[in-house]
Amino acid sequence: MSFDHRKYRPVPVIDKPDRRWPSQRIEKAPLWAAVDLRDGNQALIKPMSVAQKRRFFQMLVELGFKEIEVGFPSASQIDFDFCRALIEEDLVPDDVHIQVLTQAREELIARTFESLKGAKNAVVHIYNATSPTFREQVFNVDREGCKAIAVKAAGWVKEYAAKQPETHWTFQYSPETFSATETDFAVEVIDAVNAVWRPDQGQRVIINLPATVEVSTPNVFADQVETVNDRIQHRDHVIISVHTHDDRGCGVAAAELAVMAGADRVEGTLLGNGERTGNMDLVTAGMNLYSQGIDPQIDFSRMKEIVALVEEITDIQTHPRHPYAGDLVFSAFSGSHQDAIRKCLARYQEGDIWTVAYLPIDPADVGRRYEEVVRINSQSGKGGVAHVLERDFGIDLPRWLQQELAGVVQQDAEQDGGEITSERVHRRFNSDYLSVPMGWTLRSYDLNRNAGPEKGAVQAQISIGDSSQPVTLLSGRGDGAMSALVDALNRRIASDVKVVSFDEYSLGDNTEANAMACIRVQVGGVTQSAVAMASDTTAAALQAILSAVGRVEAASTVARAADA
Ligand code: KIV
Ligand code: ZN
C-alpha cells in the first residue's frame, strides 16, 4: 500500500496557445555557465579541496568556459579561500567571469563581496525560493514577503558593488524553484529585482530560471521560460539563463527547449554531477549541438581528460552508457548494427558529412578509436567478425567464409558468455583455417601446359610434407593448377575431392605473403574450408586445398583411431 500514486498530483500546466518555441531551431550555442565548483560541489560526499578546485577551474578555462561559478564563499571557508587564490594569484583570464552564489542576507552578501575584492569580472548570484511550498511551509511568507526578500537583497548587492568599482560586476538573480512557482509571480519578482538593478541603465543582469527540482515534462518548462521571456520588463537588456536539474531524466531536454523558448544562457556541470540526480549535463548539451553541425564553443575533443578529471575529483564513475562519454557508447555488439556500421565506415572519407549508421557522431572527434566501435560477443554476426579481422589484421574474407567463421566465434562466445577480443577471433581464424595440418605443407610445384592433342591441360607435379616427414609426391592433370591438384588428390586418397568455393586476394606489398586463397572443399561428402597465404596466387590456392583436405584426413584418422 505504500506504493500509491494518489499521493501525488500533476504540476499545473500553462494554458499558452500562442507558444512559439516548438517551431524554433537552435542555431548557435547559448552562453554556458559551468557550476561544477558550486552546485556540483555542494552535492559531493567529499566536497572539493582548494587544490581540486584549482585543477577543475583550470580545465574549465582550457575547455573554453567564460562563466564559471566557483563557489559559495559566504558559506564555506574553502570556497572563500579559493576565490582569494584565484584573484590574488591572477588565475582568471581577462575574458572569464567568476561567479559566486550567496543567500539573500546582508551579512552573507557582504562576505561574498569581500571574497571577490580585486576581481576583474565577477557575477554575484543571489537567490530565494519563490514556490508555494517554500513560501508556505519553509519560510512562512506570503507573495509580498517573498518578493521583499529578493528586492532587499538586490539592493544590498547594488550597494556593496558600488563600493568595489574596480570590478566589472554582473548581477544574477534566481527565483529558486522557479519551475514550481506560479509564472506570473515569478515575473513579478523578477521585475521587482530589475527595478532595483536597472539593466536598462547599463547594469549587466542575468535572470536565472531554475528547475531546482525537475517536476514536469520539458515542454511545460519551455512554456514557463517563454512566458518570462515575453512578459518581463527590459527583456532586451537582460540575459535569461536556465538552470535545470535531472530529477525526471530530462535536464538536457528541458534546457534545450528553454533555449528554443528564448533563454540565452545555460548553467550546468560536466557529466551532470549535482544535487540528487544531478545538474544538466554540459557534455551532452554541448555535444548535442555539435552533432547538429553547431559549434558548441567548448572543446569536447578532450573527452577522455574531462571524464578522468571529473571522476577523480567527484569520486563518481561515469556510466558506461553516458551520452558521448561512456565507455560503451560507441560500441556495437549486435550483428546487424555491426554490418551497417562497417559498410558506412568503408565509404566514409575524411571531409565527408558524417552519415554513419548507428553512430551519431564520429567517435574520433572525442578521442575514441574505431577499434572500440565493433566488439564481438554472442550477439555479433559475420559483419562484426569480418570487421575486426579486416581492421586489426588486414584480413579480408569472402562472405561465405565470414559466415562460417562467425558461427565458430559465436559458439565460443556462447560458451564463455562474454566478449571475444579481436586477438581471439584472429587466433581462431589461424587455428581453424590458416594453420597447415601436419604433413600437408606445399613444398614445391611444377606445372606443365601440354602441347599437342590435350593442348591447354596442365600436368602438375606437387611435393608436400613437413621437415619432420618424408616428402610425398603428387601428380595429376586438369584445366589448371587447382584442378590438377584435385585430380592428384583424388588418385592418392581415393576419395571424391571437390572444390565448392574459391576466392583469392592480393595482400598489399608489405607482407611476406602477397596472396591469400580461401577455399571450401568437399571430401567424400565432408565439407571443409581453409585459407592459405603465400608469395604467389598459385601457391596460395594449392596450399589452401591441401590444408582443407589435410584437415578432413586428419579428422578421419582421429575418428578411425577412436573407433578402433
Ligand atoms: O537548483 C537551483 O535552484 C540552484 C540555484 C541556487 C540556482 O542551484
Ligand atoms: Zn541547482
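First listed ligand is number 1; within each ligand, the first listed atom is number 1. Values in this document were obtained by computation on a predicted structure and should not be read as measured data.
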Inset, instruction - Evaluate the side-chain proximity of Asp223 to Val13: yes if any heavy-atom separation is below 4.5 Å, no if none is. - result: no

Inset, instruction - Report, rounded to 10°, the angle at the Zn ion (ligand 2) between the two atoms NE2 (His245) and OD2 (Asp39). - result: 100°

Inset, instruction - Can you pull out the closest protein heavy atom to atom 4 (C) of ligand 1? Residue, atom name and distance to 0.1 Å, please. - result: His243 NE2, 3.4 Å

Inset, instruction - Would you verify whether the NZ or CZ of Arg111 falls within 45 degrees of the ring axis of Phe80 while also being under 6.0 Å from that six-membered ring's centre? - result: yes

Legend entry - Side chain, backbone, both or neither: the part of Val35 lying under 4.0 Å from ligand 1 by heavy atom: neither

Legend entry - Shortest protein contact, atom 5 (C) of ligand 1 (heavy atom only): Arg38 NH2, 4.0 Å

Legend entry - Part of Glu275 with heavy atoms under 4.0 Å of ligand 1, whether side chain, backbone, both or neither: neither

Inset, instruction - Please identify which atoms of ligand 1 are closer than 4.0 Å to at least one heavy atom of Asp39. - result: 8 (O)

Inset, instruction - May I ask whether Glu267 has any heavy atom positioned less than 4.0 angstrom from an atom of ligand 1? - result: no

Inset, instruction - Kindly say whether the aromatic ring centers of Phe113 and Trp169 come within a distance under 6.0 Å. - result: yes

Inset, instruction - Could you list which atoms of ligand 1 come closer than 4.0 Å to a heavy atom of Asn208? - result: 7 (C)

Inset, instruction - Would you mind checking if Glu182 and Arg143 are paired as a salt bridge, meaning a charged N to carboxylate O distance below 4.0 Å? - result: yes

Inset, instruction - Counting heavy atoms only, name the option from Leu209, Thr244, Val213, Thr212 that's nearest to atom 3 (O) of ligand 1. - result: Thr212

Legend entry - 4.5 Å side-chain heavy-atom contact, Val238 and Ile190: no

Legend entry - Presence of salt bridge, Arg424 and Asp416, under 4.0 angstrom: yes

Inset, instruction - Give a yes/no verdict on a cation-pi contact between Lys163 and Tyr160, requiring under 6.0 Å between NZ or CZ and the six-membered ring centre and an angle within 45° of the axis. - result: yes

Legend entry - Donor + acceptor pair across side chains of Asn288, Gln292 (<3.5 Å): no

Legend entry - Contact atoms of ligand 1, heavy-atom distance to His245 under 4.0 Å: 1 (O)

Legend entry - Where ligand 1 meets Glu176 - atom numbers and elements under 4.0 angstrom, heavy-atom basis: 3 (O)

Inset, instruction - Using a strict cut-off of 4.0 Å, indicate which atoms of ligand 1 neighbour a heavy atom of Pro210. - result: 2 (C), 3 (O)

